[in-house]
Amino acid sequence: MFFNTLIFTSMSFLVILSTLGYGLVFCNKVFQDSRYLNLPFVGIFGIFFLYIISSITHLVAPHNFLHNILLLTIGILIFINFFKRKLVEKKDFKIIIIIFLCLFLGFLISKTNEDFSYYHLPNSLQFSSNKLEFGLGNLNHGFKHFSSIFLINSIFYFPYTEVYLFNITNFMLQIFFFSGLILLIHKKGLNNFSKALAALSLITFIVKFYRLSEYGADYLGQFLVLLSFIFASLTFSKNNMIAKERKQLFLISMLLVIFATTTKFLYAIYIIIPVTIFIYRYKLKEIFTYLFDRNFLIISSISIFSIILFNFTSTGCLLYPILFTCFTDSIDWSISENAIRYLNLHYKAWSKAGIGTGYGTSNPQEYISGLNWVENWTRMYFFNKVSDYILVVLLVSIIFVIYLNKNFKNSNKLNLNNKISKISYISILVVFLLWFFNFPTLRYAGYSIVFLLFAVPVAIFLSKKLNFKDKKILKKLNTLIILALFIFNIKNIDKINKELSLKSHEHHNFLNFPFFWIDNVEYEKALIKEKFFYEVTNNKPCWNVPSTCIRNKSSIIIEKNNNYYFYKQNEK
């Protein structure tokens, strides 16, 4: 147990160093030493850069041990080089280490995300074991779903730890997001509104999103779009910025939304918010100049193309499961039209609380029509999922107001353009309505927009009443941060104790501490077209069944062409 924990901790820290190395290369090239990007935020772009690299290498090679060790080593060497040249802020690096230690208990999980065995782990393992393949969605329902997170996970497949670092992508997000906001709150020269919103975001998200096992493929995008708005809000200051800084904020905010979109395409609706802000704050000519910046064009093009490509190669749809983007008649390895129609309807009904554990509607099409679903959604989902989340946001806001009340100043000098804050709130309302009428579940991009809906007015109020340059205010915020981290760890200690108390025959036990629990799945091995396939025989999800995992090989036609594998339905 001790040796496993040592390896697990050491490899986790090395992955963070490597990711920071890639982030430093990316940010130095794209943002040209932006004063708004502290080292943790650089780490977030390091994750983004690793996705771009992994999406390219997967076209020709599997992300096996050799590929991943090489990638890890290069990143570490890059970081060491930047550190030796004193291009890394030591204060920022210390904060990352502190937050790494503060959050590490949250990384120790036995029970993984509810979809982990179903498609997160199998997809990540597929990318680790094989290069690009076509028609994967025909092998297993889980392979129909693509997210950049799975490709990123696959490059953290290392000897000994193997699949047990596949949660580190979300863990790094926690570290970089929380430590980055802490540094932003204490940074000089930023407007009060951005700092107030950053503080509210930090405390709320530490307290609310303490269980890493719930993150899956749903939370990374939520954090990114929220951070995009915070960066866009830095332009709310009354004073004019120099041209270089205006460009940097534009690129940072837009690329964060693009990164979020690679995790789930529905995050594309969030582009409305920064676009609205920049159209108001910048001249159109200036915006077009930034849009056609070479680095921005290359990064955004690769990112968008990769989403389309991997959706297409898995399902035959450019954007699964949107039927009009599918080539069901012209591509023989695509998913059938009937399956796409059924699944599209299923996902819509599920997101509007028409389908769930232990209940469902007999007529999904009628249920989702118009506003038929609202009453049932309110009863089945708003109470208690959405209402509980709103209460958390409001409780944190109330604590801020009460705790900082003695520091309020009625005549606080406000370096904030009020009009743009109102315009930005209108764009938030537009995104909220798009979310509510199309996929009103918090997992589907809902946490961030609901948070912004309630937190932005509170942030405006706090920015008018508080001076975030005041050391007394910063000390009180530090106290709240420490309290939030304490709550985070108390909750995770309780979780770990419960998992450690489980017996060997119980699911999600922690007998393999610190590695998460994996179910025992029975399978048969078959050699087809010079490749081994593994068919599950006990009607369980694939879990870590060797790749490529298959549900029913008799229903699949497997072909090999130009050294690439194609999987087709036997009956279509």
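Nothing fancy with the numbering, it's 1 onward along the sequence. Heavy-atom basis, side chains included; hydrogens, waters and symmetry copies ignored.
Applying the 6.0 Å contact sphere to CZ of Phe292 captures no more than 12 heavy atoms from other residues, nucleotides or ligands. By the neighbour-count criterion of 12 heavy atoms within 6.0 Å, atom NZ of Lys244 is densely surrounded, having more than that number from other residues, nucleotides or ligands. In this structure, Phe305 places its CZ atom where only 12 or fewer heavy-atom neighbours from other residues, nucleotides or ligands lie under 6.0 Å away. Counting non-hydrogen atoms of neighbouring residues, nucleotides and ligands closer than 6.0 angstrom, the NZ atom of Lys495 exceeds 12 such neighbours.
In this structure, Trp377 and Phe436 have perpendicular ring planes: the angle between them is above 60°, well past the 30° mark. By the 30° and 60° cut-offs, the orientation of the rings of Phe116 relative to His120 is perpendicular. Between His145 and Tyr119, the two ring planes are tilted [angle within 30° to 60°]. In this structure, Phe296 and Phe250 have tilted ring planes: the angle between them lies in the 30° to 60° band.
Side-chain N/O atoms of Tyr36 and Glu245 include a donor and acceptor closer than 3.5 Å. Inspection of the Ser55 and Ser306 side chains reveals no N or O donor paired with an N or O acceptor under 3.5 Å. Neither side chain, Ser110 nor Glu499, offers a donor N or O lying under 3.5 Å from an acceptor on the other. Inspection of the Asn191 and Ser237 side chains reveals an N or O donor paired with an N or O acceptor under 3.5 Å.
Residues forming a salt bridge (Lys or Arg N to Asp or Glu O under 4.0 Å) with Lys111 (at least two apart in sequence, or on another chain): none. Residues passing the side-chain hydrogen bond (donor to acceptor under 3.5 Å, both in side chains) test with His186, sequence neighbours excluded: Asn478. Applying the salt bridge (Lys or Arg N to Asp or Glu O under 4.0 Å) criterion to Asp218, with sequence neighbours excluded, gives Lys264, Arg443. Here Lys352 pairs with nothing under the salt bridge (Lys or Arg N to Asp or Glu O under 4.0 Å) rule; sequence neighbours left out. For Ser147, there are no side-chain hydrogen bond (donor to acceptor under 3.5 Å, both in side chains) partners at least two apart in sequence or on another chain. The salt bridge (Lys or Arg N to Asp or Glu O under 4.0 Å) test applied to Arg246 returns Glu286, not counting sequence neighbours.
Tested against Phe41 for a ring pair (Phe, Tyr, Trp, His ring centres under 6.0 Å), the candidates Phe231, Phe178, Phe176 yield a single pass: Phe231. Between Phe408 and the choices Phe461, Tyr403, Phe400, the ring pair (Phe, Tyr, Trp, His ring centres under 6.0 Å) rule is met once, by Phe461. Each of Leu391, Leu442, Thr378 was checked for a side-chain contact (heavy atoms from CB on, under 4.5 Å) with Val386, and the lone residue meeting it is Leu442. A side-chain contact (heavy atoms from CB on, under 4.5 Å) with Trp435 is found for one member of Ile449, Val430, Leu266 and no other, namely Ile449. For the ring pair (Phe, Tyr, Trp, His ring centres under 6.0 Å) criterion with Tyr444, the lone passing option out of Trp350, Tyr267, Tyr347 is Trp350.
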Open item on the list: Set out, in order, the CA-CA distance, both residues' side-chain angles and the distance that settles side-chain hydrogen bond (donor to acceptor under 3.5 Å, both in side chains) for Thr169 and Asn153, then state yes or no.
Closed with: CA-CA 6 Å; Thr169 305; Asn153 287 346; 2.7 Å; yes
Open item on the list: Using the rule given for side-chain contact (heavy atoms from CB on, under 4.5 Å), can you reason through Thr112 versus Asn167, listing the C-alpha separation, both sets of side-chain angles and the distance that settles it, and then say yes or no?
Closed with: CA-CA 9 Å; Thr112 47; Asn167 284 311; 4.0 Å; yes
TODO: Start with the C-alpha distance between Ser194 and Ser233, add both sets of side-chain angles, then the distance that settles side-chain hydrogen bond (donor to acceptor under 3.5 Å, both in side chains), and finish with yes or no.
DONE: CA-CA 6 Å; Ser194 298; Ser233 74; 2.7 Å; yes
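Residues Lys187 and Asn38 fail the side-chain proximity criterion, which asks for heavy atoms closer than 4.5 Å. Contact check for Lys348 versus Tyr367: no side-chain heavy atoms found under the 4.5 Å cut-off. Looking at heavy atoms from C-beta onward, Leu477 lies in side-chain contact with Phe468 at the 4.5 angstrom threshold. You'll find the side chain of Pro440 stays beyond 4.5 Å of the side chain of Phe382, heavy atoms only. Counting only heavy atoms from C-beta outward, the side chains of Phe177 and Met172 never approach each other to under 4.5 Å. Residues Val225 and Ser448 are in side-chain contact: their nearest non-hydrogen atoms beyond the backbone lie under 4.5 Å apart. Contact of the Phe48 side chain with the Phe45 side chain is registered, since non-hydrogen atoms from C-beta on lie closer than 4.5 Å. Within the 4.5 Å cutoff, side-chain heavy atoms of Ser369 are placed close to those of Asn372.
Under the 3.5 Å distance criterion, the side-chain polar atoms of Asn311 are matched with a main-chain donor or acceptor of Ile307. A donor-acceptor contact shorter than 3.5 Å links the side chain of Lys195 to the backbone of Ile185. At least one donor-acceptor pair under 3.5 Å links the side chain of Thr289 to the backbone N or O of Lys285. Side chain of Asn376 to backbone of Ala353: a donor-acceptor contact under 3.5 angstrom is found.
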Can you give the donor-acceptor pairs under 3.5 Å from side chains of residues 96-103 to other protein atoms, not counting sequence neighbours?
none

Using atom types as modelled, flag every donor-acceptor pair under 3.5 Å from a side chain in residues 19-33 to any protein atom, sequence neighbours excluded.
{"from": "Thr19", "atom 1": "OG1", "to": "Val15", "atom 2": "O", "distance (Å)": "2.8"}
{"from": "Tyr22", "atom 1": "OH", "to": "Leu71", "atom 2": "O", "distance (Å)": "2.6"}

Extract all donor-acceptor atom pairs below 3.5 Å that involve side chains of residues 421-429 and protein atoms in other chains or at least two apart in sequence.
{"from": "Ser421", "atom 1": "OG", "to": "Asn418", "atom 2": "O", "distance (Å)": "2.5"}
{"from": "Ser424", "atom 1": "OG", "to": "Ile420", "atom 2": "O", "distance (Å)": "3.3"}
{"from": "Ser424", "atom 1": "OG", "to": "Ser421", "atom 2": "O", "distance (Å)": "2.7"}
{"from": "Tyr425", "atom 1": "OH", "to": "Leu453", "atom 2": "O", "distance (Å)": "2.6"}
{"from": "Ser427", "atom 1": "OG", "to": "Ser424", "atom 2": "O", "distance (Å)": "2.5"}

Side-chain donor-acceptor distances from residues 197-207 under 3.5 Å, at least two apart:
{"from": "Ser201", "atom 1": "OG", "to": "Leu197", "atom 2": "O", "distance (Å)": "2.7"}
{"from": "Thr204", "atom 1": "OG1", "to": "Leu200", "atom 2": "O", "distance (Å)": "2.7"}

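For the side-chain hydrogen bond (donor to acceptor under 3.5 Å, both in side chains) condition, the pairs that include at least one residue of residues 172-184, sequence neighbours left out, are Gln174-Tyr215. For residues 381-398, every residue pair satisfying the side-chain hydrogen bond (donor to acceptor under 3.5 Å, both in side chains) rule, not counting sequence neighbours, is listed here: Tyr381-Thr441.
For Phe13 and Phe104, the distance between ring centers is not under 6.0 angstrom. Taking the six-membered ring for Trp and the full ring otherwise, Phe259 and Tyr51 have centroids separated by 6.0 Å or more.
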